[in-house]
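Within every chain, numbering begins at 1; the chains are lettered A, B, ... in the order of the sequence lines, protein sequences first and strands thereafter.
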Amino acid sequence: MNKSKELLEELNPEQISAVTHYKGPMLVLSGAGSGKTRVITHRAAYLVDHYGVEPSNILGLTFTNKAADEMNERLENLLPRQLDGRSPWLGTFHALGAQLLRDLVEELGRGYDRYFTIYDQSDQKKAVKETMVDLDISTEEFQPGMIASLINEAKNDLIGPDEFRSEKAGELDDYTLRMVSRVYNTYQEKLEDWNGLDFGDLIRLPTVLLEKDLESVRRWRERFKFLLVDEYQDTNHAQYVMASQLAAPENNICVVGDDDQAIFSWRGADVSNLLEFEEDYPDARVVHLSRNYRSKKPILRAANAIIENNKLRKQKEMEPERGEGKSITIYNATDEEDEADFLVRQINKLRENGAELGEIAVLYRVNPLSRGVEKKLVKRNIPYEIVRGTRFYERKEVKDVLAYLRVICNPHDDLHLLRIINTPRRGIGSRTEEAIRRSARRRGASVWDVLTGEEEPSELSSRQISRLKAFEEMIEDMRERRGERDLVDYVKGMISEIGYFSFLEKEYDPESAEDRRNNVRELIGQIKETDDETPDLEEFLENVALESDVDSYEDQRNKVSLLTLHSAKGLEFGYVFMVAMEDGLLPHKRSLEEGGMEEERRLCYVGLTRAKNRVILSYTDSRFLYGQRFSHLPSRFLEEIPEEEKIYLEGKPGTLSSEGDGSRVSSGSGGNWKDFVE
DNA sequence: ATGTGGAAAGTTTTT
DNA sequence: CTTTCCACAT
């Protein structure tokens with residue numbers, strides 16, 4: 001109780017009211033740059049320090065692990081002494097679901113055990129495809145990815161395989177409905193046989209469990225007395241239910257969000273969770289945080305003007321607390337090469353004027369757009385970091401090693417077992433594989449059950465059988481030796497036992513083999529890093545499965561950041577470039593077709609409001625993308641920026657144009673190149 | 001059982 | 001342009 005006063009210093013009245021609120025539901029509508037993270041962390045600290053809440057009774061749910069880590073760090077700074085060791089549970093919904101299930105899955109009585117494997121979306125797609133092949137459903141007629149996303153959608157809405165047909169009756173035509181329902185059912189059976197869970201299950205199954213009246217379940221329900229949910233506008237229905245279940249009956253739930261920053265509806269996020277919070281909890285306190293401490297005025301005025309065009313939103317406007325600044329600069333490039341040149345010139349100017357590279361971000365709508373920029377940055381020796389689409393864990397060699405580890409944890413995981421059964425080659429080919437797979441299917445069991453079972457699939461030769469036996473014994477052996485040594489040594493031992501490095505050498509040319517070896521070493525390095533905190537294989541694999549792109553991203557003082565608009569949410573930069581401001585890309589063509597215009601506008605809004613000092617936008621007359629040349633019109637959002645907040649540039653440096661309706665006149669003057677850079 | 005090449009398809013955002 | 005898939009030869 002000694003820091004409470006200090007915790008409230010430098011907070012505005014609205015922030016104080018959110019921080020000091022004690023029991024009962026609260027909705028914090030926090031606009032971009034309004035000090036949201038600060039409010040959440042201070043609130044957690046205040047609960048502990050002022051109200052004497054036990055830290056472990058606090059649950060903080062975030063959207064990414066990075067956000068959770070950041071919260072944790074800030075909290076430790078706020079309360080260095082009080083916490084020591086006893087900290088709140090901070091993490092993502094999925095991490096919470098996974099942890100709860102490690103404890104409780106067995107209560108479901110469906111054959112899962114605590115060593116379950118988490119399937120990411122590419123694993124899931126593979127499993128769906130395999131299911132379709134088993135069921136003889138054409139993967140031409142129905143794309144596996146499309147079916148997978150229908151299944152995900154259902155899971156996000158807490159619709160299980162049995163309810164699918166009746167629940168979705170209106171939405172899909174009869175035939176599609178029947179097919180998808182069959183796939184969903186069989187897919188789910190497979191997951192059970194394999195002791196595997198997909199992302200949707202990590203939320204859906206906990207909600208099923210939390211309904212149960214069991215001592216073990218009650219412990220979880222009663223564990224968290226105070227909930228803090230960040231980015232509430234991006235929760236889906238299942239997450240909403242899970243949060244409500246954990247908050248009941250006292251409902252000390254504080255949700256923080258901004259409907260203008262809802263950009264994940266394609267993943268099942270449902271803004272109505274935020275918009276209807278007051279109906280769910282009629283006694284909720286509502287706090288508006290509308291003072292923006294991040295962006296200079298022109299940026300905020302532009303962002304406000306754009307977002308105002310959305311119909312489906314709570315009426316509000318962000319109040320600028322920072323001073324005047326430079327106008328938004330808009331550059332019309334001829335093509336992506338010209339655009340990248342422009343970018344480099346601008347970055348160099350910013351640098352000359354004292355900006356650090358780490359304060360600069362380049363944002364774009366789709367990952368492939370990073371290429372053109374990247375190429376130029378390499379050429380001009382400007383350090384950069386791409387917050388990635390192709391992730392480290394997606395590399396083949398990393399996946400191979402991880403597959404071994406997953407199988408060691410959970411040998412019923414067919415998907416990964418079949419990945420490694422003949423990698424490195426051990427003479428088990430597609431025919432053998434088919435035979436054991438069929439046999440497993442027939443028995444409704446996993447391939448591992450077949451391998452360890454008494455009866456051998458009859459159609460196999462004795463040579464095949466002995467090879468399978470050898471594989472089985474090897475895995476068995478590894479499973480037994482687990483825990484004997486520390487994890488890093490164990491994994492190293494495993495890699496040499498299976499001869500993975502020599503396999504790489506045989507398989508690839510020398511330099512590529514070397515690259516791949518390094519990636520495996522890097523993976524071992526990562527185990528080492530987490531080893532200190534978590535010496536536990538399951539936990540390591542879980543972290544790998546639930547890691548997001550932004551998680552591994554650290555603010556680098558001396559590198560330009562390249563990232564998608566989606567990944568940029570929650571971050572801030574001194575200087576923000578948004579490239580490819582073109583109709584078809586932002587707003588994206590596919591969203592336009594699907595009526596997602598307002599979400600595209602929010603995406604644009606999120607991008608602009610990342611910037612503290614300056615925003616520089618660019619578009620091209622034509623660009624090369626996906627192996628084709630596209631001519632796009634300038635983004636319609638550019639027109640929504642008020643004339644007085646923007647300067648148009650065109651073509652070569654120094655030309656100030658008043659294209660279009662002729663009324664566009666700059667507030668910066670003279671068209672002098674130097675003028676529009678700080 | 002494995003290796004090769006060439007055709008074909010798919011590219012919004014991701015826990 | 002990339003990645004994935006498939007048919008055919010070894």
Whether over 12 other heavy atoms sit under 6.0 Å from A/R463 CZ:
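Not buried by this count: 12 neighbours or fewer within 6.0 Å.
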
Round to the nearest Å and state the distance from [X] atom [atom1] to [N] atom [atom2].
| X | N | atom1 | atom2 | result |
| --- | --- | --- | --- | --- |
| A/K589 | B/dG10 | NZ | P | 14 Å |
| A/R419 | C/dT4 | CZ | P | 10 Å |
| A/M146 | B/dG10 | CE | C1' | 15 Å |
| A/L369 | C/dT2 | CG | P | 15 Å |
| A/K399 | C/dT3 | NZ | P | 13 Å |
| A/Q143 | B/dG10 | CD | P | 5 Å |
| A/E542 | B/dT15 | CD | P | 15 Å |
| A/K125 | B/dT14 | NZ | C1' | 14 Å |

Please determine whether a side-chain nitrogen or oxygen atom of [X] lies at a distance below 4.0 Å from atom OP1 or OP2 of [N].
| X | N | result |
| --- | --- | --- |
| A/N156 | B/dT15 | no |
| A/S567 | B/dT13 | no |
| A/R425 | B/dG3 | yes |
| A/N367 | B/dT11 | no |
| A/K66 | B/dT15 | no |
| A/S591 | B/dT13 | no |

Say you draw a straight line from CD of A/Q233 to CG of A/L274; how long is it, rounded to the nearest 0.5 Å?
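Here the interatomic distance stands at 6.5 Å.
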
Give, for atom CZ of A/R601 and atom CD of A/E598, the distance between the pair rounded to the nearest 0.5 Å.
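Output value for this atom pair is 6.5 Å.
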
Can you identify which nucleotide, out of [options], has its nearest atom closest to the [X] side chain?
| X | options | result |
| --- | --- | --- |
| A/F264 | B/dG10, B/dT15, B/dT14 | B/dT14 |
| A/P368 | B/dT15, B/dT13, C/dC1 | B/dT13 |
| A/F624 | C/dC1, B/dT13, B/dT15 | C/dC1 |
| A/H566 | B/dT15, B/dA1, B/dT13 | B/dT13 |
| A/T432 | B/dA1, B/dT15, C/dC5 | B/dA1 |

How would you label the contact of [X] with the nucleic acid (heavy atoms, under 4.0 Å): base, sugar-phosphate, or nothing?
| X | answer |
| --- | --- |
| A/F63 | sugar-phosphate |
| A/N422 | sugar-phosphate |
| A/H588 | sugar-phosphate |
| A/K126 | nothing |

Under 3.5 Å donor-acceptor, A/T41 side chain and A/T37 backbone:
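Indeed, once roles are kept as given, a pair shorter than 3.5 Å links the two residues.
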
Output yes if the stacking criterion (under 5.5 Å between centres, under 30° between planes) is met for A/W266 over the base of B/dT13, else no.
yes

Can you name the nearest heavy-atom pair linking A/L565 to A/G607, along with the distance?
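Minimum heavy-atom contact is CD2-CA, 3.7 Å.
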
Could you check A/T62 against A/G427 and say which one's nearest nucleotide on DNA chain B is further toward the 5' end?
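Whichever sits nearer the 5' end wins; that is A/G427.
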
List in chain and number order the residues that pass side-chain hydrogen bond (donor to acceptor under 3.5 Å, both in side chains) with A/Y384, two or more places apart in sequence or in another chain; answer none if no residue qualifies.
A/E374

Whole-Å C1' distance, B/dT13 and C/dT4:
22 Å

